[in-house]
Structures are given as C-alpha cells and as structure tokens.
Amino acid sequence: MFKGCFVTGTDTGIGKTLGSCVLLTALARHHAKVVGMKPIASGLIPHEGGWASEDALALRAASTLKVPPELDNPISLPDPLSPHLAAARAGRRIELPFLVERYQTLAAQADVVVVEGAGGWYVPLNEQHMMSDLAAALGLPVVLVVGLRLGCLNHAALSAEAIQARGLTLAGWVANRVDPDMACQEENLAWLKTHMTGRGVPLLADIPWQAQPDPARATVTLPTDWT
C-alpha cells in the first residue's frame, strides 16, 4: 500500500520543495492526512521570534496533517551548507536511526508522507552516509525533481541511474521550469521524457516557471496506486 515517497533532486536550488508541495497538494485530493517531512534542513530564517526552515514551512503549508516540528523537521541546522558541514558547525552529528525513528512515528499518524531530501542524491550526511543512504533506510519510492536549465540532461540521467542502481524504485520524475530563458527548453524536455520513459520512469508533474510559486498551477499525473 502506498504510504509516501522520497523526493530528491538533480542539484540544490532546483525546486525540490516546490515539487514536494505539488505532490502534497495532488495527494491531498485523494488522502485525508498528508504531511511533508524535511528530515534535515540546512539554513534557517527568522520565524515567529525564533528560527525555522523555509522548506519545512512550505511543506507544512501544503500538508493537511499538522504535527510538532520535531517530527516533520527533526534536524534544523543554522548554516546553509551541505548537511555534514552544517551539522559540524552546529556541534551535531546526523544519525540515520534517529531520522528513521522520527519518520516511522510520523508515518503512523498519516495516510501519506512526502519526505524531501536536502541537496542531491549523493550529498554527504556524515563520514559514512549520504542522502541516498537515508532514502534506502526509509524504503520509500523515489521521485526525482529535475530543474530545467543548462546541464540538466546529464544531471538527470546520472541521478536516475544512481537511484535505480541502488535497487530503489524510481517512481517518477518532476520537471520544474526554473529558467524561463533556457534555450531549447521543449527539446530538452522531450529528450528527458524519452530517456526517463525508457527507464520505466513516468513524468508525474510539469511545473511552469512562476515568479510566485503556486503548487496548484502544476500539471500532475499521479500513479494509479498512489490515489
């Protein structure tokens, strides 16, 4: 039974959070209790007299289930750096069992959990583990967000290959049009559709470029077993 997905991206700054919010918004039409989770957030902003992850705040806004921050964003690190560096600066160490336990507690309360990673597939979390190890530990199907900009074909192909080589299910991908001036955007999108389809990976959402991102504006096609 579908319980959620793990969202990764071809790079940092390509719209994983927006892609996750698009999925949450679409899933909320079929499930009563949907919630986003940002296990590790690097870089905080002032919020209500304290500090919070901008990504986690966006996921909460798109969720129908409200939970304590220690469940939907168990690790918040002040500096906008790779997680292992941000954790070192904060005097912490990222441990996979802790994150898995928080996910399991959250999942027990929800119908669907959309887990958003940080950075790309191979961003380091500590001396031994990368983001890919967290995805494997959670055992969720993976969704790859591809930011449509110069270089995305190589990044998307490498990421898809790495995810599937790990033995995980790459359930779909999301096209996010992050560069409105990208040359040959439709031709690049066509190549990605052909390449991903050849790997058995469907396009789940096409997000138009937006000055003010709105998850509801994306074109979404969810797998039938997700609804």
Side-chain angles (χ1 to χ4, degrees), residues 3-24 35-44 53-56 58-59 69-90 92-107 113-147 151-152 154-174 176 178 196 199 201 204:
K3 289 294 293 182
C5 60
F6 185 96
V7 178
T8 190
T10 49
D11 202 348
T12 192
I14 50 80
K16 290 187 301 298
T17 301
L18 178 56
S20 297
C21 289
V22 165
L23 293 175
L24 284 166
V35 64
M37 181 185 188
K38 183 79 175 181
I40 307 156
S42 302
L44 306 179
S53 159
E54 192 170 11
D55 293 350
L59 294 175
E70 57 265 26
L71 290 184
D72 68 7
N73 182 210
I75 297 181
S76 295
L77 305 167
D79 295 312
L81 301 168
S82 174
H84 74 300
L85 297 176
R89 281 199 178 185
R92 301 184 64 178
R93 189 176 190 277
I94 297 170
E95 300 283 0
L96 295 192
F98 168 73
L99 295 174
V100 171
E101 183 274 328
R102 290 301 166 96
Y103 162 76
Q104 291 173 341
T105 301
L106 182 59
V113 183
V114 174
V115 182
E116 182 197 343
W121 186 242
Y122 281 148
V123 68
L125 303 182
N126 54 41
E127 299 88 345
Q128 289 84 32
H129 300 114
M130 296 182 288
M131 190 61 65
S132 56
D133 296 305
L134 175 58
L138 296 180
L140 293 169
V142 179
V143 174
L144 176 65
V145 178
V146 180
C152 69
N154 175 65
H155 292 162
L158 286 173
S159 297
E161 182 176 344
I163 293 165
Q164 292 181 323
R166 185 66 187 264
L168 300 179
T169 298
L170 182 54
W173 67 288
V174 172
N176 188 24
V178 295
M196 291 296 196
R199 301 190 73 96
V201 184
L204 302 184

- Item | Gap between atom CE of M196 and atom CG of L144 - 0.5 Å precision | 5.0 Å
- By side chain to side chain donor-acceptor pair (under 3.5 Å), which residues pair with E101, not counting sequence neighbours? T105
- Note on the structure: Output for pair (L96 CG, Y103 OH), nearest 0.5 Å, gives 15.0 Å
- For T12, side chain to side chain contact (heavy atoms under 4.5 Å, CB included) partners two or more places apart: none
- Note: C5 and L23 closest approach over all heavy atoms is SG-CD1, 4.1 Å
- Task: Quickly, which of V142, T169, V201 forms a side chain to side chain contact (heavy atoms under 4.5 Å, CB included) with I163? Name it, please.
- Result: V142
- Query: Can you name the residues that form a salt bridge (charged side-chain N to carboxylate O under 4.0 Å, His left out) with R92, not counting sequence neighbours?
  - Reply: none
- So which pairs with a foot in residues 5-24 pass salt bridge (Lys or Arg N to Asp or Glu O under 4.0 Å), sequence neighbours left out? D11-R149
- For V115, does its backbone N or O pair with a side-chain atom of K38 as donor and acceptor, under 3.5 Å? no
- Item | Qualifying residues under side chain to side chain donor-acceptor pair (under 3.5 Å), relative to T17, sequence neighbours excluded | D55, E116
- Of all the heavy-atom pairs spanning W121 and M131, show the shortest one and how long it is. O-CB, 3.6 Å
- E54 meets the side chain to side chain contact (heavy atoms under 4.5 Å, CB included) criterion, sequence neighbours left out, with I45
- Task: Mind listing the closest non-hydrogen atom pair of A156 and V146 along with its distance?
- Result: CB-CG2, 3.9 Å
- Applying side chain to side chain contact (heavy atoms under 4.5 Å, CB included) to D72 and not counting sequence neighbours gives R60, V67, P69
- Note on the structure: I94 and L99 have their tightest heavy-atom pair at CG2-CD1, 3.9 Å
- What is the minimum heavy-atom distance between L140 and F6, and which atoms define it? CB-N, 4.0 Å
- Item | Residues that Q104 engages under side chain to side chain donor-acceptor pair (under 3.5 Å), provided they are two or more places apart | none
- Message: Show me the pairs that pass salt bridge (Lys or Arg N to Asp or Glu O under 4.0 Å) and involve residues 132-145, at least two apart or across chains.
- Response: D133-R166
- Task: Count the heavy atoms belonging to other residues, nucleotides or ligands that lie under 6.0 Å from CD of E161, then report whether that count exceeds 12.
- Result: no
Listing, residues 74-90 side-chain donor-acceptor contacts under 3.5 Å, not counting sequence neighbours, or none:
unit_1 : atom_1 : unit_2 : atom_2 : d
S76    : OG     : N73    : OD1    : 2.5
S82    : OG     : H84    : ND1    : 2.9

- Check: G19 main-chain N/O paired with N176 side-chain donor or acceptor under 3.5 Å: no
- Give the minimum heavy-atom separation between L59 and S20, together with the two atoms involved. CD2-CB, 3.6 Å
- Task: Would you please name every residue forming a side chain to side chain contact (heavy atoms under 4.5 Å, CB included) with E127, sequence neighbours left out?
- Result: R93
